[in-house]
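Worksheet: one structure, shown below.
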There are 2 protein chains.
Amino acid sequence: MESLKLENQICFPLYTASRIMVQAYTPLLKTLGVTYPQYLVLLVLWEEEETTVGQITKRLQLETSTITPLLKRMEQMEIIQRKRSDLDERKVMVTLTQKGVDMKQKACMIPEALMESTNFSIEELGTLHALLTKFIQQEA
Amino acid sequence: MESLKLENQICFPLYTASRIMVQAYTPLLKTLGVTYPQYLVLLVLWEEEETTVGQITKRLQLETSTITPLLKRMEQMEIIQRKRSDLDERKVMVTLTQKGVDMKQKACMIPEALMESTNFSIEELGTLHALLTKFIQQEA
DNA sequence: TATTTTTGTATCGCAAACGATATAATACAA
DNA sequence: TTGTATTATATCGTTTGCGATACAAAAATA
């Protein structure tokens, strides 16, 4: 049963690396007052200004049942605004508040800070990124 | 702000790939009646027969606050048994029930079935495994 | 031996994550 | 136009995941 050994599986390192990565982000994101998934929503909004719930779910490949409550928490914190579209009342428009816009400045140092905390070369990071992206595109 | 773009981050593909992987496992594990983290506990127990809560948390790098409730659910399902150690009453011994032992047979096909569903070569899988393992060892 | 520290689990509260289901608004078809 | 299908979000219930805290047993120290 070699195949059932924890060390031989690709799934376990993937699962663990993902959790460890979130744990590494957590103290830095705490200074912004957001969680890791909330940070992902911010990354989308810093790129797109105005978007919809559906666009966010597509971009992050998460379900509405995950995103809706998360956005509500971010609205409570006054980081974003949610508003039904006038043109299509099924859609909910999502925009940053000024507070949300301002957070981008502080966030700039986060990616580099974390890059440096790993001893990965540019090549290794590129390889890892390519393999993970390939995996995602195959399965999704 | 190139560094803040979703596509340029290593964290997002890692996070997404991990979730997609769990989603790929889910239908197969459903035939066993377990979730992905419960499957990880089974992998440990299929290797070790008798272990403790602490050993499981170390092996899976998860907190007691995650493992204890999870083990209680597995005990309810009669997959495992939990019992305070006589030698050291702080420890809780965890063992498989016959039902838990028997599940190993069915589980054998799972790793291969999922390997094949990806179009990854042995080299790619090896590279991915090595990079993820390196990352985990650095950060943990 | 008495006290302090460490170890091993457990509990609590909160935020994901997701399948299943519900429900309006819009699009499409008869 | 009326009925039907699709789309966009939301809600609910269950399981994770984790930080903070609690607590008893064992180990270390005074």
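Note: hydrogens, waters and symmetry copies are ignored here, and every other heavy atom, side chains too, is used. Naming convention: chains lettered A, B, ... in sequence-line order (proteins, then strands); numbering from 1 in each chain.
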| request: Just jot down the side-chain hydrogen bond (donor to acceptor under 3.5 Å, both in side chains) partners of A:Q76, sequence neighbours excluded, or say none. | output: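 side-chain hydrogen bond (donor to acceptor under 3.5 Å, both in side chains) check on A:Q76 returns nothing, list empty.
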
| task | Kindly write out the residues that satisfy side-chain hydrogen bond (donor to acceptor under 3.5 Å, both in side chains) with B:E63, not counting sequence neighbours, or none if the list is empty. | result |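 Once residues adjacent in sequence are excluded, B:E63 has no partner under the side-chain hydrogen bond (donor to acceptor under 3.5 Å, both in side chains) criterion.
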
Whole angstroms only, please: what is the [atom1]-[atom2] distance between [X] and [N]?
X: B:I56; N: C:dT9; atom1: CD1; atom2: C1'; result: 12 Å
X: B:I20; N: C:dA17; atom1: CD1; atom2: P; result: 13 Å
X: A:R84; N: C:dA25; atom1: CZ; atom2: C1'; result: 9 Å
X: A:L60; N: C:dA17; atom1: CG; atom2: C1'; result: 13 Å
X: A:K72; N: C:dA16; atom1: NZ; atom2: P; result: 14 Å
X: A:Q76; N: C:dA16; atom1: CD; atom2: C1'; result: 17 Å
X: A:M74; N: C:dA15; atom1: CE; atom2: P; result: 13 Å
X: B:Q55; N: C:dG8; atom1: CD; atom2: C1'; result: 12 Å

| said: Using heavy-atom distances to pick each residue's nearest nucleotide on DNA chain D, tell me which of B:D86 and B:L62 is more 5'. | reply: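 The residue closer to the strand's 5' end, by nearest nucleotide, is B:L62.
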
| Hey, which of these two, A:D88 or B:T35, hits DNA chain D nearer its 5' end, going by closest nucleotide? |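 First, find each residue's nearest nucleotide; the 5'-ward one identifies A:D88.
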
| Taking atom OG1 of A:T118 and atom CE of A:M21, what is their separation to the nearest 0.5 Å? |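 The CE atom of A:M21 is 12.5 Å from OG1 of A:T118, to the nearest 0.5 Å.
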
| query | Out of curiosity, B:Q9 CD to A:L125 CG, how far, rounded to the nearest 0.5 Å? | reply |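 If we round to the nearest 0.5 Å, B:Q9:CD and A:L125:CG are 11.5 Å apart.
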
| Nucleotide range of DNA chain D contacted by chain A, 5' to 3', under 4.0 Å to a heavy atom? |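 The contacted stretch runs from D:dT7 to D:dC18.
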
| said: Any carboxylate oxygen within less than 4.0 angstrom of a Lys/Arg side-chain nitrogen, looking at B:E7 and A:R59? | reply: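 Looking at B:E7 and A:R59, the cut-off is met.
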
Could you run down the sub-3.5 Å N/O contacts of the protein with nucleotides 3-5 of chain C?
none

Please confirm whether the backbone N or O of [Y] pairs with a side-chain atom of [X], one donor and one acceptor, at under 3.5 Å?
X: A:R19; Y: B:Q61; result: yes
X: B:Q38; Y: B:T35; result: yes
X: A:Q138; Y: B:N119; result: yes
X: A:R84; Y: A:R90; result: yes
X: B:S18; Y: B:L14; result: no

When we call it a touch if two heavy atoms are under 4.0 Å apart, what does [X] touch: a base, just sugar-phosphate, or nothing?
X: B:L70; value: sugar-phosphate
X: A:T52; value: sugar-phosphate
X: B:L87; value: sugar-phosphate

| Mutual orientation of the aromatic rings belonging to B:Y39 and B:Y25 [parallel < 30°, tilted 30-60°, perpendicular > 60°] |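 Tilted, since the angle between the ring planes falls between 30° and 60°.
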
Can you name the atoms? Protein N/O to nucleotides 19-24 of chain C N/O, anything below 3.5 Å, with the distance.
residue	atom	partner	partner atom	Å
C:dG19	O6	A:S65	OG	3.1

Per-pair distances, 0.1 Å, donor-acceptor, side chain in residues 93-101 of chain A, under 3.5 Å, sequence neighbours excluded:
residue	atom	partner	partner atom	Å
A:T97	OG1	A:E78	O	2.7
A:T97	OG1	A:I79	O	3.0
A:T97	OG1	A:K99	N	3.4
A:T97	OG1	A:G100	N	3.2
A:Q98	NE2	A:D102	OD1	2.8
A:K99	NZ	A:M77	O	2.9

